[in-house]
Structure formats: C-alpha cells, structure tokens
K.L.:
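A single structure is presented below for examination.
Excluded from the calculations below are hydrogen atoms, water molecules and symmetry mates; all remaining heavy atoms, backbone and side chain alike, are included.
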There are 2 protein chains.
Amino acid sequence: MEEIAANRSFGGWHRRYRHRSETLDCDMVFAAYLPPQADKGHVPCLWWLSGLTCTDENFMHKAGALGLAAQLGIAIICPDTSPRGVGLTGEDERYDFGSGAGFYLNATQEPWRQHYQMYDYVTQELPALVNSALPVTGRQSISGHSMGGHGALICALRNPGRYQSVSALAPIANPAECPWGEYAYGRYLGMDRETWLEWDSCALLRRAGCSHHLLVDQGTDDRFLAEGQLRPEALEAACQTTGVRLTLRMQPGYDHSYFFVASFIEEHLRFHAARLA
Amino acid sequence: MEEIAANRSFGGWHRRYRHRSETLDCDMVFAAYLPPQADKGHVPCLWWLSGLTCTDENFMHKAGALGLAAQLGIAIICPDTSPRGVGLTGEDERYDFGSGAGFYLNATQEPWRQHYQMYDYVTQELPALVNSALPVTGRQSISGHSMGGHGALICALRNPGRYQSVSALAPIANPAECPWGEYAYGRYLGMDRETWLEWDSCALLRRAGCSHHLLVDQGTDDRFLAEGQLRPEALEAACQTTGVRLTLRMQPGYDHSYFFVASFIEEHLRFHAARLA
C-alpha cells in the first residue's frame with residue numbers, strides 16, 4: 001500500500017493510501033485519520049461508510065469530526081464507496097448505481113460481480129490491511145451516512161460481535177423497498193427479491209435481531225425522506241418487532257447534506273467512544 | 001438578493017445568496033452562517049476571506065467552524081474570491097490570477113478594472129447588503145486563509161476602527177515581494193511597484209501601524225512557505241519595527257490545506273468572539 005497524501009490535523013494525521021484490492025480486482029484509495037495517541041500506541045477505530053457519489057474524502061473534509069476524534073483517541077477509516085474505473089458498460093451513467101454506488105454488498109450478477117464486492121472489501125480485505133499496516137487495536141465500531149449508514153447497519157447485523165457499536169445518519173434503511181435499492185439491487189443481485197433480503201437492514205433485523213443499541217439520526221426536511229428512499233419507519237418497525245433498542249431521532253429542519261452530518265457527528269463519536277473504551 | 005440554498009446547521013442556518021454587484025459589474029454568490037441566536041435578535045459577524053481557487057463554499061464545508069459559531073452566537077459571512085464569468089481574455093487561464101484570485105484589491109489596469117474591485121466589494125457593497133438584509137449588529141471582525149488571510153489584514157489595516165479584530169491563517173503576508181503577488185499585482189495594478197504598497201500588509205503596517213493585536217497561524221510544512229509565497233518573517237519584521245502586537249504561531253508539521261485551517265479555527269473564533277462581545 002502506497003501513501004498518496006498526508007496532512008497534519010489536530011495533532012494527528014489524515015493520510016490517504018492506494019492499494020491493490022484482490023477482492024474488487026482494481027486499485028482502491030482509502031483514508032485514515034490517526035489521532036495523536038496513535039504516535040505512541042495502538043488506538044481503537046471507527047469505520048465510516050459514505051453515501052452515494054462520495055469517495056474517501058467527503059467525511060474527512062466535511063464532517064468536522066477530526067478534532068473530536070483527536071480528543072477521544074479514535075482512528076477513523078473511510079473506504080471509497082465502490083470500485084473505480086473498472087471499465088464496465090454503464091458504470092458511470094448514474095449517480096445511484098455503479099461508480100460511487102457500491103451499496104456495500106456482494107454483487108452476484110454479470111457484469112458487476114467481478115468487481116462489485118464491497119461488502120467483502122469493507123468487512124474482510126480492508127480491515128486485514130488496516131490492522132496489519134496501521135496502529136489500531138482491532139477494537140472497532142462502524143457508522144455511515146445514507147447508503148453508507150445502511151452499509152454500517154448491514155455490516156454490524158451480519159457480523160455479531162465484530163463491532164463494539166453501530167450508528168447511522170439518514171440511512172437508506174430499507175433498500176429492498178425503495179427506488180434506489182430496487183434499481184441497484186435488481187442489477188447487482190438479480191430480480192429474485194428474496195436474495196435482496198440478505199442486504200436489507202430491516203429484513204436482517206427481523207430474521208436475527210441484534211444485540212446493539214442502534215443510534216440513528218434523520219433530518220425531517222431531507223428530500224430523500226419525502227421521496228421514500230430512506231424509510232426510517234421500516235427500521236423502527238423492525239426494531240419494535242424484534243425488541244432491538246433503537247434511538248431514532250428525527251431532527252427538525254435538517255436535510256441530507258454534510259451540514260446535517262456535521263451537526264450531529266459529535267454525539268455519534270461520543271456514542272462510539274463510550275463503547276470502544 | 002436571491003436565496004439559492006439553505007441548510008440547517010447546528011441549530012442555525014447556512015444560506016447562500018446570489019445578488020447583482022454594481023461594484024463588480026456581475027452577479028455574485030456569497031454564503032452566510034446564521035447561528036441559532038439570529039432567530040431572536042441581531043448577532044455580531046465574522047468576515048471570512050478565502051484563498052486562491054476557493055469560492056464561498058470552502059470554509060463553510062471544510063473548516064468545521066459552524067458548531068462553535070453556533071455556540072458563540074457569531075454569524076460568518078463568506079464572500080467569493082473574485083468576479084465570475086465576466087468574459088475577460090485570460091480570466092480562467094491560471095489558478096493564481098483572474099477567477100478565484102481577486103486578491104481583495106481594486107484593479108486599476110485594463111481590462112481588469114471594470115470588474116476586479118474586490119476590495120470595495122468586501123468592505124463596502126457587501127457589508128451594506130448584509131447589514132440591510134441579515135440579522136447582524138454591525139459589530140464585525142475579519143479573518144481569512146492564504147490570499148484571504150492577507151485580504152483580512154489589508155481590510156483591517158486600511159480601515160482603522162472598522163473591525164473589532166483581525167486574524168489570518170497562512171496569509172500571503174507580503175504580496176509585493178512574492179511570485180504570486182508579482183504576477184497578479186503587475187497585471188491588476190500595473191508595473192509601478194509603488195502602487196502595490198497600498199495593497200501590501202507589510203507596507204501598510206510600516207506606513208501607519210495598527211492598533212489591533214494580530215493573530216496569525218502558519219504551518220511549518222506548508223510548501224508555499226518554502227517557496228517564499230507567504231513571508232511571515234516580513235510581517236513579523238514590520239510588526240516589530242512599528243510596535244504592533246503580533247502573535248505569530250509556527251505550527252509544526254502543518255501544511256496549507258483546510259486540515260490546517262480546521263485544526264486552528266477554534267482559537268481564531270474564540271479570539272474574535274472575545275473582541276466582538
């Protein structure tokens with residue numbers, strides 16, 4: 001893995017790396033924030049999964065989270081949101097499918113399955129690389145925004161015991177039942193909707209529950225909420241049915257942007273820090 | 001003036017406006033952060049002048065400053081960094097001249113002088129508009145980054161009593177004596193270097209001093225420092241000669257990016273808040 005950028009930040013370092021991903025069969029870039037405490041020892045880490053159109057950079061630049069991560073002594077790892085530049089027809093035609101829109105699942109359909117294995121990448125290959133190359137303890141939590149908020153939920157739900165905690169901001173909570181999910185899942189996974197349920201947080205909750213306390217923030221003026229893309233009500237219903245503890249906070253007036261993420265990231269970082277300690 | 005965006009942020013609002021500027025003879029966009037306190041009354045404001053290539057958006061998205069502005073009850077106003085799309089030959093050829101590089105001065109040379117009057121825009125026309133349209137008290141301070149750090153210095157030095165305080169991050173402190181300044185000032189102001197001194201913070205300090213306590217942060221690993229573009233040593237010498245109080249902090253390992261700005265913006269906001277109170 002090759003370091004392609006390093007910026008001093010709040011006494012620690014923001015670093016970007018390029019590496020060859022065997023899982024995705026392409027080169028990938030990811031970013032790591034290493035707090036000052038990582039100069040002297042190993043630190044716990046928070047995985048941050050970003051949303052549609054994002055790269056490893058959006059959270060690092062826009063969330064305003066690094067100062068508090070420095071204070072709390074937590075590393076933050078931001079993967080990219082899809083394979084890049086793999087040359088598939090249609091990979092760059094839509095903002096909500098293909099490049100920038102990997103949905104953190106393992107595609108089964110041609111031509112996507114050769115590269116679009118983001119779930120294995122963010123839960124297996126990249127953690128192994130990070131654990132071997134960076135000063136992290138292995139104690140980890142996971143969070144994300146929108147597509148990445150759902151990514152965080154499914155990573156945690158499919159791997160009980162792996163993460164100390166999970167939270168999400170404006171997650172696409174029920175992709176099997178929303179327009180974004182219907183488009184992308186139909187192409188990545190095929191038209192048998194049963195297979196989609198393996199990658200839907202509400203279905204996973206109904207099937208196996210979850211021992212985590214889930215923290216979810218959602219802006220009430222988020223246009224994707226109004227369009228039925230996010231469906232926090234489905235997440236709430238699934239948690240109620242299965243007795244999973246969910247703190248779902250509807251935040252009045254907030255939209256889907258990083259202005260929303262930045263406004264509430266402090267509480268998410270403190271939520272995770274308390275469980276990573 | 002037309003609102004083109006509004007995002008709830010830390011209980012207040014990030015808003016973007018488009019308006020016709022008579023001074024610049026073109027349409028301009030600026031951004032305002034209005035803290036929650038502005039819902040109920042008028043608040044003091046901090047002007048933030050951005051650097052080369054930036055727009056009104058960089059600071060609002062990347063500085064991580066809005067949470068603290070909300071807490072302190074300070075509005076932040078971010079102008080753009082130049083006229084835009086005025087159709088002059090060469091306006092978009094270089095990152096350090098023309099669009100995105102107005103240098104906060106009043107150009108005297110053809111063809112630039114018709115539009116490139118950024119000093120009058122940020123000290124006269126835009127404050128008048130902001131004071132009439134937004135809930136601000138008129139108490140104001142000014143800060144900025146790089147080209148905008150110098151812009152903040154010259155706005156304060158040329159207008160004693162106007163601002164409660166001034167600070168800068170990695171300012172182009174002595175443009176009359178650096179490659180960026182030589183290129184831009186030669187074209188905006190002509191080849192008589194005497195005229196450049198009206199727009200050089202070191203020359204202005206030597207001529208008239210300053211009653212402000214200046215706060216300046218500068219990263220030691222900033223490549224533009226190494227290239228001689230920033231010259232904090234000239235600012236330090238001018239302040240020493242004239243007895244102006246300067247707190248110049250060389251920050252080890254930091255570069256010129258917004259990772260640097262974000263790391264130190266809290267102390268700048270608190271510095272201004274104490275003087276705006």
K.L.:
With chain A as the partner, which of B/Ala70, B/Gly253, B/Gly67 has the greatest number of non-hydrogen pairs under 4.5 Å?
P.N.:
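If we count pairs closer than 4.5 Å to chain A, B/Gly253 comes out on top.
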K.L.:
For the atom pair CZ (A/Phe10) and CZ (B/Phe264), what is the distance rounded to the nearest 0.5 Å?
P.N.:
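Interatomic distance, A/Phe10 CZ to B/Phe264 CZ, rounded to 0.5 Å: 8.5 Å.
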K.L.:
So which part of A/Ala6 gets closer than 4.5 Å to some heavy atom of chain B, the side chain, the backbone, both or neither?
P.N.:
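Only the backbone of A/Ala6 comes within 4.5 Å of chain B.
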K.L.:
Please tabulate the donor-acceptor pairs under 3.5 angstrom that span chain A and chain B, backbone and side chains included.
P.N.:
residue	atom	partner	partner atom	Å
A/Asn7	ND2	B/Asp255	OD2	2.7
A/Phe10	N	B/Tyr254	OH	3.4
A/Phe10	N	B/Ser263	OG	2.8
A/Gly11	N	B/Tyr254	OH	2.7
A/Tyr254	OH	B/Phe10	N	3.4
A/Tyr254	OH	B/Gly11	N	2.7
A/Asp255	OD2	B/Asn7	ND2	2.7
A/Ser263	OG	B/Phe10	N	2.7

